[in-house]
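In what follows, a structure is listed as structure tokens, so that the remarks can point back to it.
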Amino acid sequence: MIKDYFLNEIETAIEKAIKDNKLGEMKEYKRGTLSTERPKNADFGDFAINVSSLARYAKMAPPMIANTILEYINKDDNEYTVVAGFINFKTGKKILVNSVKEIFEKDKNYGKPENVKTEKILLEYISANPTGPFHIGHGRWAAMGSVLANLLKFYGHEVYQEFYINDAGSQINKLGNSLAIRIRQELGEDVDFPTDEIERKNYYPGDYLIPVAKKYLETHKGLPEDVKELSDFAKKEMEDLQKALLDNFRVHFDNFYSELSLHNSGKVEKCVQKLKDSGKIYQKDGADWFKSSDYGDDQDRVIKKADGSNTYLTADIAYHIDKLERGYDRLINIWGADHHGYVARVKASIEALGYDPNKLEVLLGQLVNLVINGNEVRMGKRKNMVTLEDLIDEVGVDATRFWMSMRNIDTTLDFDIELAKTNSDENPVFYVQYAHARACSILRNATEEKFNTETGEKTPAPLAKAELEELINNYTAETILPTLETAKKLILKLEEYKSMIKTSAETRQVYTICRYVQELAAEFHSFYNANRVISDDKEMMKARLALVIAVKKVLNNALDLLAVTAPERM
RNA sequence: GCGUGCGUAGCUCAGUUGGAUAGAGCGUUUGGCUACGAACCAAAAGGUCGGGGGUUCGAAUCCCUCCGCGCGUACCA
């Protein structure tokens, strides 16, 4: 990476200067003290390092320090200038030319970080109840989770994606009872869900169980004796529905882990026993409490209710222990911000059971607001519910994935349906895809002969297909020299892909990919408008075609991570 | 109340471990197609970085305090 190269040059120079006693009272330099930044004003250079912070050690004025350091640098064909305490760097031809070459050489692997520590990661996300269709909020975790998985894999980690099915507990009975009412309605009975608000909360009155009731009656005559049969039937239907939607949304899990199986395997009981053995359980008001406050939680938590049943937390503890026992270096969970209180208690349980709580990394995502006609529609529980499926039908998979991934996980996402639907410059997805389609179009035109419909004349293709193949397969660094000056900003943006991938993966912030891809598209559109690619000057044409190809490759790689399509035409 | 996240241009948001004149997109205004896709580009206007203190050479960024908004604060899942 250019910025790392630059930083290394500076740091090496500092070490040499110190050896020669040229940096005043400075006797040692610790690498990593300085860092590169992007100059606010591009006239200064491509990168800059501020050495002012060394002034207090060296007891020298910052400009003096900067100039001294410069004397120890092998500048090659790069340009270094000093302004106040800043050392500015302008990238020379050699580096620029080689960074394009790298794109051709590495191709699909361009941007994969080298010499980084990789881990075995279990990424858990969505983990919805199988009691209904996904709502719009699940879409955010689905998109972000799958992009993060792609990104972490590309980074070099081993990633296992898991969906925890909350298929135990009281909500499953509710589901069965709700289906019973729908079935009776299908059978012509005059029944309905309770209108009393509190009573109604024991049911799922959504329309989505109507087709399930119809389907049930295709193979059954009437209501079963045990409502559990209905619960199981509905649960299976909901799971199938969810899985089909995930598939369509390009989200692919390695495993769906059933909470019920956790109970049945005895792992939950075993966990509770272990907690008891460790003396971290006490009784109060007829319930068993876990002393989580000993591990940083703000209060203790019930682990077994007075009626003898487990809480949700109990199973979740067992689940996390199970994940750790499966041998992962790191557990990453994506949870909605409404679950943030859970982090402390789960970590507490992990620690109480003798595991390292730092292995668990919880990414808390703020929630999603739907914006329709400029008005926010609150995603309250079970009302105004817009399903993810409806949203995807409305705006498409590409736009939904992009919009759900494009914001920092810490900010509430406003999903503007109208905007996401437009095929215009207001829609970033379109802007980026258009750049890719445009690159493809140029490449097509470069090797196609033209036919003038009025004169009937044919003009030969500007470039033979074989020549284009040769350009791609035997790419030489010098190819882009003719257009180097006009393409510098574009090349630097292409080069930035590498550092973007690294920080995006390390900070788990996938929105940076969305931002990058918009920036790259902008640079490309700008380049396109300022430089004609297909022309009579063959060397110039090849140089610019090479850049078009490079842009196409990088856009492709980035869109692959987002699992958004890169269209050849639009 | 406590915990947590947010507050930056009219709107939606960036701002990479504290650094040069706080940046994009949309919207507004102006200009650019008889040339590779104008679904694009170029340019302008637009800011007390929620308010007030503090830390230091230097703060949107760190600390304190106040204000506003979201989320959580169950023997629900």
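Chain letters run A, B, ... following the sequence lines, proteins first, then strands; residues in each count from 1.
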Indicate, with a heavy-atom threshold strictly under 4.0 Å, whether A/A168 touches base, sugar-phosphate, or nothing.
-> sugar-phosphate
B/U34 pairs with which nucleotide, Watson-Crick or G-U wobble, both distances below 3.5 Å?
-> none
Identify the nucleotide, in any strand shown, that forms a Watson-Crick or G-U wobble pair with B/U48, with both distances under 3.5 Å; if there is none, say none.
-> none
Under 4.0 Å: is that the gap between some side-chain N or O of A/Y342 and OP1 or OP2 of B/G3?
-> no
For A/R438, report the nucleic acid contact type (base, sugar-phosphate, nothing); a contact means any heavy atom under 4.0 Å.
-> sugar-phosphate
State whether A/T311 places a side-chain N or O below 4.0 Å from either non-bridging phosphate oxygen (OP1 or OP2) of B/A77.
-> no
In whole angstrom, give the distance that lies between atom CD1 of A/I126 and atom C1' of B/A77.
-> 17 Å
Quick one: which of B/C75, B/A77, B/G37 gets closest to the side chain of A/H339?
-> B/A77
Rounded off to whole Å, could you give me the CD-to-C1' distance for the A/E523 and B/A24 pair?
-> 12 Å
Distance between C1' atoms of B/G23 and B/U16 (Å, rounded) | 14 Å
Give the nucleotide from the list B/U17, B/G37, B/G19 with an atom nearest to the side chain of A/R569.
-> B/G37
RNA chain B: A/Q299 or A/V533, which has the more 5' nearest nucleotide?
-> A/V533
Using a cut-off of 6.0 Å, state whether more than 12 heavy atoms not belonging to A/K502 lie near its atom NZ.
-> no
Remember a base hit wins even if backbone is also touched, and classify A/S35 as base, sugar-phosphate or nothing at under 4.0 Å, heavy atoms.
-> base
Give a yes-or-no answer on whether the side chains of A/D322 and A/Y257 include a donor-acceptor pair shorter than 3.5 Å.
-> yes
Counterpart residues, salt bridge (Lys or Arg N to Asp or Glu O under 4.0 Å), relative to A/E361 (two or more places apart) | A/R330, A/R508
Under 4.0 Å between any heavy atoms, over every strand shown, what does A/N531 touch: base, sugar-phosphate, or nothing? Just pick one.
-> base
Less than 5.5 Å between centroids and less than 30° between ring planes, does A/Y434 satisfy that with B/G37?
-> no
Ignoring the backbone of A/A306, work out which of B/C75, B/C36, B/C41 is nearest its side chain.
-> B/C75
Pairs satisfying salt bridge (Lys or Arg N to Asp or Glu O under 4.0 Å), at least one member in residues 530-548 of chain A, at least two apart = A/E467-A/K538
Reckon A/G32 touches a base, only the sugar-phosphate, or nothing at all at heavy-atom distances under 4.0 Å?
-> base
Nearest-Å distance, CG (A/D338) to C1' (B/G3)?
-> 15 Å
Just by distance, with hydrogens left out, do A/E25 and A/Y57 show a side-chain donor and acceptor under 3.5 Å apart?
-> no
Classify the nucleic acid contact of A/N88 as base, sugar-phosphate or nothing, counting any heavy atom under 4.0 Å across all strands shown.
-> base
So, the side chain of A/S499 versus the backbone of A/E496: is there a donor-acceptor pair under 3.5 Å, distance only?
-> yes
For B/G5, give its Watson-Crick or G-U wobble partner with both distances under 3.5 Å, or none.
-> B/C69
For A/Y319 and A/E162, test the side chains for any donor-to-acceptor distance below 3.5 angstrom and give the result as yes or no.
-> yes
Closest to the side chain of A/N529, out of B/G19, B/C40, B/C71, is B/C40
Rounded to the Å, how far apart are A/L367 CG and B/C6 P?
-> 14 Å
At under 4.0 Å between heavy atoms, what does A/Q366 touch on the DNA or RNA strands: base, sugar-phosphate, or nothing?
-> base
Can you tell me the Watson-Crick or wobble partner of B/A74, both distances under 3.5 angstrom?
-> none
Which nucleotide, in any strand shown, forms a Watson-Crick or G-U wobble pair with B/U29, with both distances under 3.5 Å?
-> B/A43
For atom OH of A/Y516 and atom P of B/G25, their distance in whole Å = 17 Å
Is it true that the side chains of A/E37 and A/N50 contain a donor and an acceptor less than 3.5 Å apart?
-> no
When rounded to the nearest Å, what value does the distance between P atoms of B/A74 and B/C62 take?
-> 30 Å
B/A20 base stacked by A/F86? Criteria: ring centres under 5.5 Å, plane angle under 30°.
-> yes
Quick one: label A/N50 by what it contacts on the DNA or RNA (base, sugar-phosphate, nothing), any heavy atom closer than 4.0 Å.
-> base
Give none if B/A14 has no partner; otherwise give the nucleotide forming a Watson-Crick or G-U wobble pair with it, both distances under 3.5 Å.
-> none
Are A/R438 and A/F524 in a cation-pi contact, defined as NZ or CZ under 6.0 Å from the six-membered ring centre and within 45° of the axis?
-> no
Verify the distance criterion only: is there a donor paired with an acceptor across the side chains of A/D300 and A/Y282 at less than 3.5 Å?
-> yes
With no hydrogens and no angle check, do the side chains of A/N166 and A/Q171 hold a donor and an acceptor under 3.5 Å apart?
-> no
Could you state the NE2-C1' distance from A/H263 to B/A77, rounded to the nearest angstrom?
-> 11 Å
Considering only B/A20, B/G3, B/C71, which nucleotide approaches the side chain of A/H340 most closely?
-> B/G3
With B for base contact, S for sugar-phosphate-only contact and - for none (protein heavy atoms under 4.0 Å), nucleotides 9-16 of chain B reads ---SSSSB
Residue mapping more 5' on RNA chain B - nearest nucleotide basis, A/Y312 or A/L364 | A/L364
Nucleotide paired to B/U21 in any strand shown, Watson-Crick or G-U, under 3.5 Å | none
Given the P atoms of B/G47 and B/C6, what is the spacing between them in whole Å?
-> 26 Å
Interatomic distance at P, B/G31 relative to B/C69, whole Å | 45 Å
A/M570 near the nucleic acid: base, sugar-phosphate alone, or nothing, with a heavy-atom cut-off under 4.0 Å?
-> base
In whole angstroms, how far is the P atom of B/C6 from the CG atom of A/D410?
-> 5 Å
Gap in Å between the two C1' atoms, one belonging to B/G7 and one to B/G51, rounded = 12 Å
Interatomic distance at P, B/U30 relative to B/A35, whole Å | 24 Å
Would you mind reading off the distance between A/Y431 atom OH and B/C41 atom P, rounded to a whole angstrom?
-> 4 Å
Quote, to the nearest angstrom, the P distance that separates B/A24 from B/G68.
-> 34 Å
Is the NZ or CZ atom of A/K174 both under 6.0 Å from the centre of the six-membered ring of A/Y204 and within 45° of that ring's axis?
-> yes
When rounded to the nearest Å, what value does the distance between P atoms of B/C41 and B/G1 take?
-> 48 Å
Where the side chain of A/A287 is concerned, which of B/C75, B/A77, B/G3 is the nearest nucleotide?
-> B/C75
